[in-house]
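These notes concern the structure reproduced below.
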Amino acid sequence: MRFKGGIREKVALIEKQEEIFSQKGYLENIISSMTDTLIVVNPDSTIRAANKAALDLLGYKENELIGEPVKNIFLQEEEKLGKYFPGIIEQGAAYNIDLTLLTKQGKAIPVSFSGTVMREGEKITGIVGVARDMRQITAMISDLEKKKRDLEERNKDSIRMQKAMLHIMEDLQGTEDELKRANKELQKSDQLKSDFVSMVSHELRTPLTVTREAISQVLDGVVGEISQVQRDFLSMSIEGIDRLARLIDDLLDISKMEAHKVGVKREWVDVVSLAKAVSSDFGPAFHSKGLEIRYNFPMDKVEVYEDKDSIIQIFVNLISNALKFTQAGYVEISVIDKRDVVEYAVSDTGIGISEEDLPKVFGKFEQFGLEAGSREGGTGLGLSISKGIVELHHGKIWVESELGWGSKFTFVFPKYTAKKMIEDGLEKAIQYGEPLSVLIFNIKKLDTACDQDIDKGKGDLIINNLEKIIRGNFHRKEDGVIKEGHAILTMLPDTNKYNAILVLRRIYNILWDYLEREKLSERIDIDYQAIVYPDDGENEKELFSRIESVLNVNKDKIS
Amino acid sequence: MPKKILIADDSKEIVSLIASRLKANNYDVIVANDALQAFTKAIREKPDLILLDIKMPAGGGIGVLENLRTSTETSIIPVIIITAFPSEEILQKVKELRVSGFISKPFKADDLLRKIRKALGEVSKGEGS
């Protein structure tokens, strides 16, 4: 063929051809590097072309597939295929049809087949289709579905657990509410009981007073002479009334304790002399029964910061019991300082308590060993009240006894220290979010010559007096004043720093006045400082270290 | 001249019994059954001592006491409080209002008479507090 035209046209042609080849190569590259299988089908349903991916997947060589009916590579029967392909032709395209390819070995490969129609003008020249290997995807799908089922199971489990927890929490909440209600009821009923008992005891006292005074006046001859028999009868009546009065007092004590309403008022007291004083009050009674009082006081003096009345009440109870149940021998009273606690005891050579009665001893209205209605009968509440008092002070009380031998009642009170006082106060302050002030008055003796004049005994007296003065200035139950070595600490709950300093200065002036009056102002000096929670320390450790450093400043100068 | 004692208590029986006892011990007696009576009789009769029940209705014993202490004619009259039960508050109030003492119900006649004598400054030798 002879080209018309010159070299330029020839070159242009060649260039065009090269371009075409290059494009073709480019396209062929694409088709052969596709990972999805590409198949071209003739209008007569024979395979016109298949890409490398298709051949690899199906395991055929190119010449084995070209020209073969396309149904050979599909598992599905001709009829089914016949459904799809006309559809493709009609619609022009079809997407994601689930079909199954058949390899040369006969292996079935699930694919997702998408095909479009090829046209040249109006004429359909074939179908080009891409079959995506669904195995991995199917595997992934079934894996995912399994995981989904597992998750659903676990979800169900977790939902079940959540429900169970919710139920438990509801129950707990219900229980907590019940407890709160019960507690409120108890408090209310405690309050009611205590109010009721207070009311009743008050109401009982008036007719009691009237009866007693009326009988007493007849007995005393105020309204005329009486016979001996009348005197005897009326004396019995008065004893009954006195007993009734004691019973009411005891009941009131118990009701207050059970309503947790008893406050504790502390002061420095020498419990040895206290014990001596109480027991000597019983002197005449002991004497008339021919009993001896013995004392066991290893130390002549034991000073504690305690509620004097409580200790007296317990001693009175125990000593009167001992007196009641002892016919011969002695009653021994002891007070022993045991460093952190003080141990008090009352023992007797009386009739003792049987083993089976021992556990009942501190119960209410228990009275054994005495005939009913005997003259020496008490209210049966004494020991129960003593136990209540002891427990209020965080102490312990117990009895050792043997029938025929005697009994020993022992009670211990833990020693109250400045440290304990501040610990308790701080605990409450933190709990209620209130400030707490500790005022420290350091009593300093000016050193050198003056020291010799002030001997230890007098020094103690001065500090005790100063402490008394300070205490006299504080009336709230919760305020505490306690001496610690040569310092006096005052604890004021719910008092902020500003007020603490005002109080500090006021008290200092009062103390100074006292020192001037006693002509001690030349020889004694007082340092004062307020340590406040939370300003000076946000917790126990910080606060105590501040307090200790203030106290220690004093220590070096004294010795 | 016998000393005059005002007895103020809302229980008529207690008043008449105490009156009987006091008369038997050579005291003159004025009686009152409520707070208002107590105060007005105190102002009018100016007794040497007042026995006052702390729990009277209509103002109560404390009210009377406060009034007695603020009015000049009666502020120096010694007062002994009669109470069914001396609680902390009562003890505190008693200290603040300068009461001469208190006696709790039921009382023993000896105690009452002793306290009256002490408040009137009649304490004889050998008697303690």
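Remember, it's a predicted structure, so these values are computed and weren't measured experimentally.
For the salt bridge (charged side-chain N to carboxylate O under 4.0 Å, His left out) condition, no pair includes a residue of residues 269-287 of chain A, sequence neighbours left out.
Within a 6.0 Å sphere centred on NZ of B:Lys3, other residues, nucleotides and ligands contribute more than 12 heavy atoms.
B:Thr83 contributes atom OG1, which lies 8.5 Å from atom CZ of A:Arg205 (distance to the nearest 0.5 angstrom).
In this structure the side chain of A:Asp242 reaches within 4.5 angstrom of the side chain of B:Lys108, judged on heavy atoms.
Against chain B, the residues from residues 207-226 of chain A that qualify, each with a non-hydrogen atom under 4.5 angstrom away, are A:Leu208, A:Thr209, A:Val210, A:Arg212, A:Glu213, A:Ala214, A:Ser216, A:Gln217, A:Asp220, A:Val222 in number order.
When each of B:Ser16, B:Ser20, B:Ser11 is scored by its heavy-atom pairs under 4.5 Å with chain A, the top score falls to B:Ser20.
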